[in-house]
Student: 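Please see the structure below; I have some questions.
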Amino acid sequence: MEFVKKLPVYEPSLTGNEKKYVMDCLDTSWISSKGEYINKFESGLAEYLSVKHATAVCNGTVALHLALIALGIGQGDEVIVPTLTYIASVNAIAYTGATPIFVDSLADSWQMDPADFRRKITANTKAVMCVHLYGHPCDMDSILPIAREHDLFVIEDCAESLGSLYKGKHTGTFGDIATFSFYGNKTITTGEGGMVVTNDETLHDRCVHFKGQGLAKHRQYWHDVIGYNYRMTNICAAIGLAQLEQIDTFLSKKQQIASWYREGLNGSSLTLHEPVGDIYHAYWMCSVLVHEAKDRDVLRNHLEKKGIETRPLFYPVHTMPMYSQKFARFKVAENLGWRGMNLPSYPGLTYEDVTYIVDSLLSFYANAPISTYK
Ligand SMILES: *Cc1c(COP(=O)(O)O)cnc(C)c1O
């Protein structure tokens, strides 16, 4: 039988202090949502980003919900969000009762189109959610002045952009409030987990208040708002702290993987997601566009037979049943969504793995009729 390699799109690297710290939680019985690892993980991430406050939560989706609640967003409000994003960005807006208003993407960076953002602002617009998709920062120099001019809050969804820099500054430090995810395939993981960060003390206090059942400050079992239980456990934070200790290694490994793909695919008909402008693309995912949308799924099947897992780019959310009531076209997002796919992108990939993936990609085109491809 022929040996087929198995290369997933992602798998976490748990080769640091994860086990040691988790055992410490078990040995000391600090396994719930109080404990020293929570404080260490929160302050560690805040320090890494150079941001004043961070509060840990149980996943990236509730981090977004909490951020929106902290800003007081709800029924009757509109929040502008790219249609090309993971579903959670949009769902979190819907949870509050606010209406998500979609914007198109830019063809080169794949990020929110600032001109379309401006066009979508109405008297009801309360906030804009910048999603730094796949680890490429949004064009903050264009977005922030528009938000300021119209008195809008800026939320950054940094679930995919831990370590990404815009003009030398971390994503998550530009807006009023920002969120991270530590799901199993994110740049650092806690299994399930998230974080809300901000420089605004009031917003931070509101997040802590709402994530802990709306408990009043100076009276036990007295609750003054309808809160939530969105807390992270000490065990998750222990894993997170161990992961955070390795962030520089993960990021440089991802940079190397991206450069191997770049080198291997140079001159082919596949377009790698490249950095645009003065930014650091953290390459949460290495993604490519095929020349013609019709080839994308055929190519994905070809790779699957070779043991290589891929993912389609996110389907633009405005095309999904619960958000598609009003017909609208978002030409760039749709074009990217139908042509794009994520390649294996985890830090444990070796040069041989990436060479095998590149060869498998190129062999698809070598077997195809020449006239179809440039
Ligand atoms: C992963 C992700 C989230 C949600 O995070 P979970 O931890 O899975 O809830 C939100 N937004 C984006 C863009 C993501 O990629």
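All ligand and atom numbering here is 1-based and tracks the order in the structure.
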Student: Flag G60 as yes when one of its N or O atoms lies below 3.5 Å from any N or O atom of ligand 1, and as no otherwise.
Tutor: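 Yes; the residue has a nitrogen or oxygen that sits under 3.5 Å from a nitrogen or oxygen of the ligand.
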Student: Taking the ring centre of each residue, are Y351 and Y356 less than 6.0 Å apart?
Tutor: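 No, the ring centres sit 6.0 Å or more apart.
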Student: Counting each atom of ligand 1 from 1 as listed, which ones have a heavy atom of V131 under 4.0 Å away?
Tutor: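 Within the 4.0 Å cut-off of V131, ligand 1 contributes 13 (C).
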Student: Of all the non-hydrogen atoms in the protein, which one sits nearest to atom 5 (O) of ligand 1, and at what distance?
Tutor: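 Ranking protein heavy atoms by distance from atom 5 (O) of ligand 1, first comes S181 OG, 3.2 Å.
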Student: Is W284 close to ligand 1, meaning an N/O of one under 3.5 Å from an N/O of the other?
Tutor: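 W284 vs ligand 1: no N/O contact under 3.5 Å.
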Student: Out of M285, H132, E160, who is nearest to atom 15 (O) of ligand 1 when you count heavy atoms only?
Tutor: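 Going through M285, H132, E160 one by one, E160 has the nearest heavy atom to atom 15 (O) of ligand 1.
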Student: Among N185, T190, D157, N59, which one puts a heavy atom closest to atom 10 (C) of ligand 1?
Tutor: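 It is D157 that holds the nearest heavy atom.
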Student: If the cut-off is 4.0 Å to any non-hydrogen atom of A159, which atoms of ligand 1 fall inside it?
Tutor: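 Here the atoms of ligand 1 in question are 2 (C), 3 (C), 10 (C), 11 (N), 12 (C), 14 (C), 15 (O).
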Student: Assess, by modelled atom type and distance only, whether the side chains of Y280 and Q255 contain a donor and an acceptor separated by less than 3.5 Å.
Tutor: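 Checked: Y280/Q255 side chains pair up, N/O donor to acceptor below 3.5 Å.
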Student: Tell me, with the steps shown, if K186 and E160 meet salt bridge (Lys or Arg N to Asp or Glu O under 4.0 Å).
Tutor: CA-CA 7 Å; K186 295 290 161 71; E160 306 180 358; 5.1 Å; no
Student: Under a 3.5 Å cutoff, is there a donor and acceptor pairing between the side chains of H53 and E42?
Tutor: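 Absent: no donor and acceptor within the cut-off.
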Student: Students often mix this up, so state it plainly: with edges at 30° and 60°, are the rings of F210 and Y228 parallel, tilted or perpendicular?
Tutor: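 Geometry flag for Y228 against F210: tilted rings.
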Student: Give me the other members of the hydrophobic cluster that I80 sits in, counting Ile, Leu, Val, Met, Phe, Trp and Tyr linked by side-chain heavy atoms under 4.5 Å, directly or via other members.
Tutor: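 Members alongside I80: I101, V103, M112, F117, I121, V128, M140, I143, L144, I146, L152, V154, Y166, F174, I279.
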Student: May I ask you to decide whether D116 forms a salt bridge with K120, counting only side-chain N to carboxylate O separations under 4.0 Å?
Tutor: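 Result for this pair is yes, salt bridge flagged.
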Student: List the residues meeting salt bridge (charged side-chain N to carboxylate O under 4.0 Å, His left out) with D176, not counting sequence neighbours, and say none if there are none.
Tutor: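 Checked D176 against salt bridge (charged side-chain N to carboxylate O under 4.0 Å, His left out); zero matches.
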Student: Does an N or O from K186, backbone or side chain, lie closer than 3.5 Å to an N or O of ligand 1?
Tutor: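 Min N/O separation from ligand 1 is below 3.5 Å for K186.
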Student: Any idea which part of T179 is under 4.0 Å from ligand 1, heavy-atom wise: side chain, backbone, both or neither?
Tutor: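 No part of T179 is near ligand 1 at this cut-off.
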Student: If I apply the N/O under 3.5 Å rule, does E192 come out as touching ligand 1?
Tutor: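 In this structure, E192 places no N or O atom under 3.5 Å from an N or O of ligand 1.
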Student: Looking only at heavy atoms of S89, does any of them come nearer than 4.0 Å to an atom of ligand 1?
Tutor: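 Checking ligand 1 against S89, which is what was asked, there is a heavy-atom contact under 4.0 Å.
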Student: For ligand 1, find out whether one of its N or O atoms is nearer than 3.5 Å to an N or O atom of T61.
Tutor: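 Yes, since at least one N or O of T61 sits under 3.5 Å from an N or O of ligand 1.
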